[in-house]
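Below: the structure, in structure tokens.
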Amino acid sequence: MTDLTKLTIAGARDLLKKGEITARELTEAHIASVEAADALNAYIAKTPELALEQADKADAKIKAGEQKGMTGIPVGIKDLFATKGVHTQACSHILDGFKPEYESTVSQKLWDDGAVMLGKLNMDEFAMGSSNETSFYGPVKNPWRRGDTDTVPGGSSGGSVASVAGFAAMGATASDTGGSIRQPASFTGTFGIKPTYGRCSRYGMVAFASSLDQAGTITRTVRDGAIMLESISGFDAKDSTSVDMAVPNFEAALTGDIRGMKIGIPQEYHLAGMPGEIEALWHQGIEWMKAAGAEVVDINLPHTKYALPTYYIVAPAEASSNLARYDGVRYGLRETVNGGGLVDMYEATRAAGFGDEVKRRIMIGTYVLSAGYYDAYYLKAQKVRQLIANDFKRAFEKVDAILTPTAPSAAFAPGEKSDDPIAMYLNDVFTVPASLAGLPGSSVPVGLDANGLPLGLQILGKPWDEETVFKVSGVMEEAANFTAKPAEWWR
Amino acid sequence: MSDIDKATVAKIARLARIKIEEDKLEALAGELNNILGWVEQLDEVNTDDIQPMSSVVDAKLRWRLDEVTDGDKQESVLKNAPNAEYGFFAVPKVIE
């Protein structure tokens with residue numbers, strides 16, 4: 001019997017349909033694989049009993065001829081999606097013991113389609129981080145190593161990518177605020193897609209920066225991403241920023257035909273000091289696009305260098321107000337001070353409950369929103385954000401998609417960047433601009449660096465045009481023929 | 001522009017309701033100054049006549065009838081409370 005955990009979602013779907021495997025078998029194989037992957041620290045809560053229950057329901061659905069793309073497919077859920085009665089803490093100490101009384105729309109859509117939950121996935125605390133080192137539950141290890149040295153899986157969706165790259169889930173939900181899907185996908189040789197802002201409901205997603213947060217998926221192939229993203233997309237009255245638009249059949253967009261399509265290459269993304277192999281891989285990607293019949297066009301996105309500083313005003317500002325709700329009153333951790341009052345409780349709870357990076361961002365956000373500084377920082381940043389969005393708008397008058405590297409480096413070792421916040425922030429230099437503009441984007445694994453670590457290329461599309469992102473991603477995937485797998489040292 | 005000293009950090013911490021120990025203020029001031037100094041490169045950008053972005057999608061906020069659509073979930077609402085008494089959230093004494 002073949003190892004069921006090595007199947008793609010599309011492959012498993014076909015075998016389930018033919019009755020050659022059952023959802024229960026598929027789920028049992030994955031539960032064993034989750035157990036064997038403890039060394040990765042990808043899962044912070046496991047739900048094997050629920051998984052088997054859901055698998056049996058999926059088998060009944062399949063028998064009844066009601067199979068959908070995700071029916072019977074075992075997935076992991078990032079810890080920031082509320083799952084009813086199951087650990088949901090955004091990997092923060094301040095949400096200790098929190099078990100929501102409701103389900104996030106994204107996860108509910110998966111269960112409605114018959115998907116199977118293996119457990120909750122590790123992440124940077126409140127999705128603030130690019131290496132999964134800020135989690136209260138400890139760092140996640142990347143299945144890919146640099147020789148014998150551990151590397152980080154990227155962040156904030158570190159558990160999502162490690163579980164999928166480590167064959168401990170067929171797919172995983174993830175979320176992107178400034179690159180938290182695409183950058184970790186690049187670090188782990190997985191496919192990550194962040195759709196247009198408003199495509200997926202944010203209901204039941206723990207909020208970080210509400211004008212940026214968007215759900216997405218991590219899978220091992222582009223086709224799997226199309227199947228899973230379609231399942232979680234769609235209008236939801238419970239999220240006022242969810243947009244009422246029909247969800248296309250993303251899988252149908254994978255025609256392999258990009259002839260005549262115009263692909264933009266932003267000149268501002270040629271960063272000084274970027275490793276030569278990333279430049280080379282980007283160049284290779286351009287050649288693949290040309291070989292497939294696309295026309296490659298140089299474009300300019302002049303405000304690119306201002307995207308990161310803009311992001312590090314907007315995101316902390318929104319975070320400081322979103323995270324004001326964690327006060328020790330209604331849920332999670334409560335720390336009281338002997339003889340102290342309510343304010344002492346707030347201050348003690350938040351001091352004990354938040355990690356250093358979260359505190360840093362709340363403090364920055366509080367400062368830039370405070371009286372006398374609002375115009376100089378926050379308003380200024382929102383204006384520059386408009387200029388960044390205008391850059392993309394102008395570029396997309398000339399091109400159908402944009403091709404860039406996903407990240408300026410391959411996965412690094414734990415601790416390498418955690419002492420210098422700005423060095424850590426630079427990880428997201430290529431992903432943040434599109435997040436600020438609300439655009440759909442993917443990261444496709446295309447090769448390995450000299451140390452044997454995966455590298456990805458990023459494909460950006462127009463608002464609501466995930467189909468083109470998938471189409472170009474599919475062509476890139478086929479041309480790159482990335483078949484490398486990590487040595488399974490964690491088993 | 002930014003020159004955050006210990007007193008300012010203490011003020012921000014108070015506004016953010018995060019207790020920061022006195023011996024941590026100096027280091028935090030350094031970190032915040034570094035980050036703010038870095039974001040201040042935005043001052044180079046001419047933003048005259050640019051409207052600040054308020055939303056990335058051109059969507060109007062939806063309207064609905066002003067009627068109750070949810071509620072009557074006291075038990076659920078209190079389920080995760082660190083301390084709930086008599087159907088309320090209980091907190092330390094507020095009035096001296």
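Numbered from 1 within each chain, the chains take letters A, B, ... in sequence-line order. Computed over heavy atoms, backbone and side chain alike; hydrogens, waters and symmetry mates excluded.
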Structural part of A/M345 lying under 4.5 Å from a heavy atom of chain B: side chain

So for B/L78, is it side chain, backbone, both, or neither that comes closer than 4.5 Å to the heavy atoms of chain A? neither

Can you check whether B/K79's main-chain N or O pairs, donor with acceptor, with A/K99's side chain at less than 3.5 Å? no

Under 4.5 Å from any heavy atom of chain B, what part of A/V337 do you find: side chain, backbone, both or neither? neither

Applying side chain to side chain contact (heavy atoms under 4.5 Å, CB included) between B/I18 and each of A/I362, A/T349, A/T366, A/V358, report the one that passes. A/I362

Interface check, chain B: of A/Y331, A/Y346, A/Y306, most non-hydrogen pairs under 4.5 Å belong to A/Y306

Is a side-chain donor or acceptor of A/R350 paired with a backbone partner of B/A16 at a separation under 3.5 angstrom? yes

Between CG on residue B/N80 and OG1 on residue A/T88, distance to nearest 0.5 Å: 9.5 Å

When rounded to the nearest 0.5 angstrom, what distance separates CG in A/D327 from CZ in B/F89? 9.5 Å

Need one label for A/I422: side chain, backbone, both or neither, based on atoms under 4.5 Å from any heavy atom in chain B. side chain

Which portion of A/S240 sits near chain B, non-hydrogen atoms under 4.5 angstrom: both

Interchain contact, A/L436 with chain B, by part (heavy-atom threshold 4.5 Å): backbone

Tell me, side chain or backbone of A/Y425 under 4.5 Å from chain B's heavy atoms, or both, or neither? side chain

